[in-house]
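What follows is a short report on a single structure.
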Amino acid sequence: MNPTETTSALILLFGATGDLAKRKLFPSLYRLYKKGSLNDQFAVIGTARREWTNETFQQHVKESVMASTSQCEKLDEFVSHFYYQAHDVSDSSSYRTLKTLADQLDEQYHLQGNRLFYLAMAPEFFGTIADHVKADGLTDTTGYHRLVIEKPFGHDLPSAEKLNHQIRQSFEENEIYRIDHYLGKEMVQNIEAIRFANALFEPLWNNRYISNIQVTSSETLGVEERGRYYETSGALKDMVQNHLMQMVALLAMEPPIKLSTNEIRSEKVKVLRALRPITKENADEYFVRGQYGPGELEDERLQGYREETNVDPDSNTETFVAGKLMIDNFRWAGVPFYIRTGKRMPTKSTKIVIQFKDIPMNLYYQPDQPLAPNLLVIHIQPEEGITLHLNAKRAGQQLLTNPVKLSYANNSVDGMNTPEAYEKLLHDALRGDATNFTHWDEVALSWRFVDVISDYWEEKKASFPNYEAGSTGPKEADELLAKDGFFWWPLSTLEVDVCN
Ligand code: BG6
């Protein structure tokens, strides 16, 4: 498949007046349009409950694009492709009206019957919409029909199975694009290139040379206005089941025989199958949770999670998770993959640290300065790059070493401005490339893994809050590594050096 290929399609966007559409989808579509990845043969029908006109909708799209960039050439031309239809998701007559408009635009823009149904709305409607688009004839065209679904895909394995069963009545697995926006991030996609395009790393990428891997995704924000959703989710379901487990799968998978959707997915699935299952009896050994209380960040007083809007004052919901994943296969036996994510931490940062084993004998022994282990750090965000931590001789007569860093930062490469995750994912969905979307098998296996932990946490109340807003999380997260003889590499010491 040609990565720059343009495509004709009708995009039916459910939830068009929502936040995701405004913040991510419209600006991403606009960037694709400007780059020529969306040609003039495209149209978007936005739907939602509100009674908007096409003009109101187009103005809304315009404002969302203008909020994202100051370079707005061809914007009027772009928004002229947007249409709006007020819609009731559970009413067949609404879908029939939609079909009439869809068929008309299909002809007007020569869209060849290609349709992308994008569900950017509350998950309880995913199944209903999938049912209706088929039953009410919106998929009765000769082109492709693809369903793009935002997370969460279920809230546990049984609900995910039910949803999957329902949407599979209308769409084949290869027509379903389950979004995990982390898979659209440039440096998450780079994990494969770093591993499989370098002779240097792959021979060392196993339990003989790697002592542990640490994946951290920390956020400074609290739950903001999402208290209602977050109370039913918590960090485990919101971040671990999807984003963090996906990154672990990419780090741990075997080299695929080629970089095709099916080969990559099948290797990721094998990793998830090899995860050592957690039980209620041993959950505390492998996973710890936290909830932020009041605290301070950059001189700002912050309230605790329990004081946030739409949050139960006695809430048992975790806003922080740290865990140890063991992958019981030949390559990884004995190597812990530590994961950590939390809200209201000191920095917004996602990093992966691969810590190599100590060399067998230290010839440069200095009592006050043990030899630092080699680290490969993959900077996912906000900065994008890789850093290799080595030891080199300190200049001078003595045989002493200094830690040195070799850094590569994406933004120091000439003119490079990496596309946003959503831009890439939308483009992939339009081109029919499902590699960076999660297959049902991955969703099911990761729910199976986290369900045990979340059931156990539901039964066993925590003593929350247990970390201050603005701190790195509860002390139990440090103890999780300390008992294995490790520690979390402080994110502040791992910065990528940007040299232009
Ligand atoms: C979303 C979660 O999937 O990812 C949010 O629902 C979280 O709670 C967000 O804030 C983090 O994404 P990013 O790209 O900002 O790291």
Side-chain angles (χ1 to χ4, degrees), residues 15 18-25 27-28 68 118-124 126 148-156 160 177-191 215-248 250 289-292 297 302 305 308-311 315 317-321 339-352 378-384 410 418-426 436-438 442-443 446-447 450 454 469 473 491:
D19 196 48
L20 179 77
K22 185 164 108 192
R23 281 188 308 113
K24 302 285 183 191
L25 305 181
S28 299
S68 75
Y118 198 120
L119 312 191
M121 56 187 316
E124 61 262 35
F126 291 169
V148 183
I149 307 197
E150 277 295 329
K151 72 177 257 277
F153 197 90
H155 51 85
D156 55 12
Y177 291 69
R178 298 179 194 81
I179 294 248
D180 182 318
H181 77 283
Y182 267 57
L183 296 182
K185 292 184 190 283
E186 184 65 27
M187 288 307 295
V188 171
Q189 297 186 355
N190 218 323
I191 294 172
V215 182
T216 299
S217 187
S218 68
E219 297 187 77
T220 49
L221 292 179
V223 281
E224 310 295 287
E225 69 295 346
R226 295 166 74 221
R228 203 183 308 278
Y229 151 75
Y230 203 80
E231 277 287 272
T232 63
S233 159
L236 185 68
K237 297 181 182 188
D238 188 48
M239 293 290 290
V240 174
Q241 182 269 341
N242 36 60
H243 312 321
L244 276 91
M245 290 182 73
Q246 282 293 323
M247 287 191 278
V248 168
L250 287 167
R289 57 184 154 160
Q291 185 193 76
Y292 62 84
L297 189 60
L302 299 169
Y305 176 70
E308 305 272 17
T309 318
N310 293 325
V311 168
S315 175
T317 303
E318 78 287 351
T319 59
F320 175 98
V321 175
I339 55 170
R340 172 172 64 154
T341 183
K343 301 233 179 248
R344 287 289 188 227
M345 291 178 69
T347 46
K348 166 83 182 161
S349 167
T350 303
K351 286 194 199 315
I352 296 166
I378 306 179
H379 306 264
I380 308 286
Q381 63 182 21
E383 67 285 3
E384 298 180 351
N410 264 358
T418 61
E420 258 242 46
Y422 270 96
E423 179 183 335
K424 292 211 250 182
L425 295 176
L426 268 165
N436 293 312
F437 295 81
T438 37
E442 299 167 59
V443 175
S446 35
W447 275 127
V450 304
S454 77
L491 298 185

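These numbers come from a predicted model, not from an experiment. Atoms within a ligand are numbered from 1 in the order they appear, just like the ligands themselves.
Shortest non-hydrogen contact noted between Ile380 and Lys185 is CG2-CD, 3.8 Å.
For the residue pair Thr347 / Ser349, no side-chain donor-acceptor distance below 3.5 Å is found, with atom types taken as modelled. Judged by distance alone, the side chains of Lys424 and Gln189 do bring a donor and an acceptor atom under 3.5 Å apart.
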Using a cut-off of under 3.5 Å, which N/O atoms of ligand 1 pair up with protein N/O atoms, and what distance separates each pair?
{"unit_1": "ligand 1", "atom_1": "3 (O)", "unit_2": "Lys151", "atom_2": "NZ", "d": "2.9"}
{"unit_1": "ligand 1", "atom_1": "3 (O)", "unit_2": "His243", "atom_2": "NE2", "d": "2.7"}
{"unit_1": "ligand 1", "atom_1": "6 (O)", "unit_2": "Lys151", "atom_2": "NZ", "d": "2.8"}
{"unit_1": "ligand 1", "atom_1": "6 (O)", "unit_2": "Arg226", "atom_2": "NH2", "d": "2.9"}
{"unit_1": "ligand 1", "atom_1": "6 (O)", "unit_2": "Asp238", "atom_2": "OD1", "d": "2.6"}
{"unit_1": "ligand 1", "atom_1": "6 (O)", "unit_2": "Asp238", "atom_2": "OD2", "d": "3.4"}
{"unit_1": "ligand 1", "atom_1": "8 (O)", "unit_2": "Arg226", "atom_2": "NH1", "d": "2.8"}
{"unit_1": "ligand 1", "atom_1": "8 (O)", "unit_2": "Asp238", "atom_2": "OD2", "d": "2.6"}
{"unit_1": "ligand 1", "atom_1": "8 (O)", "unit_2": "Lys343", "atom_2": "NZ", "d": "2.8"}
{"unit_1": "ligand 1", "atom_1": "10 (O)", "unit_2": "Glu219", "atom_2": "OE1", "d": "2.6"}
{"unit_1": "ligand 1", "atom_1": "10 (O)", "unit_2": "Glu219", "atom_2": "OE2", "d": "3.1"}
{"unit_1": "ligand 1", "atom_1": "10 (O)", "unit_2": "Lys343", "atom_2": "NZ", "d": "3.2"}
{"unit_1": "ligand 1", "atom_1": "12 (O)", "unit_2": "His181", "atom_2": "NE2", "d": "3.1"}
{"unit_1": "ligand 1", "atom_1": "14 (O)", "unit_2": "His181", "atom_2": "NE2", "d": "2.8"}
{"unit_1": "ligand 1", "atom_1": "14 (O)", "unit_2": "Lys185", "atom_2": "NZ", "d": "2.6"}
{"unit_1": "ligand 1", "atom_1": "15 (O)", "unit_2": "Lys348", "atom_2": "NZ", "d": "2.6"}
{"unit_1": "ligand 1", "atom_1": "16 (O)", "unit_2": "Tyr182", "atom_2": "OH", "d": "2.5"}
{"unit_1": "ligand 1", "atom_1": "16 (O)", "unit_2": "Lys348", "atom_2": "NZ", "d": "3.0"}
{"unit_1": "ligand 1", "atom_1": "16 (O)", "unit_2": "Gln381", "atom_2": "NE2", "d": "2.7"}

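Between Lys348 and Glu219, some side-chain heavy-atom pair lies under the 4.5 Å cut-off.
For Arg226, there are no side chain to side chain donor-acceptor pair (under 3.5 Å) partners at least two apart in sequence or on another chain.
Ion pair Asp156/Lys237 not flagged as a salt bridge, since none of the NZ, NE, NH1 or NH2 atoms sits closer than 4.0 Å to an Asp/Glu carboxylate oxygen.
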